[in-house]
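Reviewing the structure listed below.
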Amino acid sequence: MFRLLFYAVLLILLARALRSLWRGILEGLNQPANARGNAAIPGVHMVRDPVCGTFVVPDRAVSLTVGRDHVYFCSVACRDKYRSHPGSRTGRVAGRTA
Ligand SMILES: [Zn+2]
């Protein structure tokens with residue numbers, strides 16, 4: 001009796017798992033090619049952090065207004081480094097090697 005119940009539950013779980021797998025495969029096949037995997041998202045404008053060279057999305061970056069320009073940074077540390085050495089385009093201390 002319990003064995004029959006066990007197999008029934010097992011069968012239901014297996015059917016659900018297969019249905020979920022099949023649905024996932026179909027959704028994956030129906031997606032356009034550029035929405036799959038790690039393809040680049042079109043239309044996202046990125047700017048380079050002048051201190052460390054990291055590319056950042058302006059909407060999410062730390063910014064600094066210099067005159068009429070906006071400069072974007074990956075972090076507050078990079079912005080502060082740039083701010084403390086305004087003459088240097090890279091924000092790095094001249095003559096010092098890392
Ligand atoms: Zn940075």
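Ligands are counted one by one from 1 in listed order, and the atoms in each one are counted from 1 as well. These values consider heavy atoms only, across backbone and side chains, with no hydrogens, waters or symmetry-generated copies. Remember, predicted model here, so these are calculated numbers, not experimental data.
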Polar side-chain atom of Ser84 near backbone of Asp80 as donor-acceptor pair, under 3.5 Å | yes
List the atom pairs, donor and acceptor, that lie under 3.5 Å between side-chain atoms in residues 44-71 and the rest of the protein, sequence neighbours left out.
from	atom 1	to	atom 2	distance (Å)
Arg48	NE	Gly53	O	3.1
Asp49	OD1	Val51	N	2.8
Asp49	OD1	Cys52	N	3.4
Asp49	OD2	Cys74	N	2.8
Thr65	OG1	His70	ND1	3.2

Only protein N/O/S atoms count here: give how many lie under 2.8 Å from the Zn ion (ligand 1).
-> 4
Cluster question for you: counting only ILVMFWY and a side-chain heavy-atom cut-off of under 4.5 Å, with indirect links fine, are Leu21 and Leu29 together?
-> yes
To the nearest 0.5 Å, atom CZ of Arg19 lies from atom CG of Leu14 at 12.0 Å
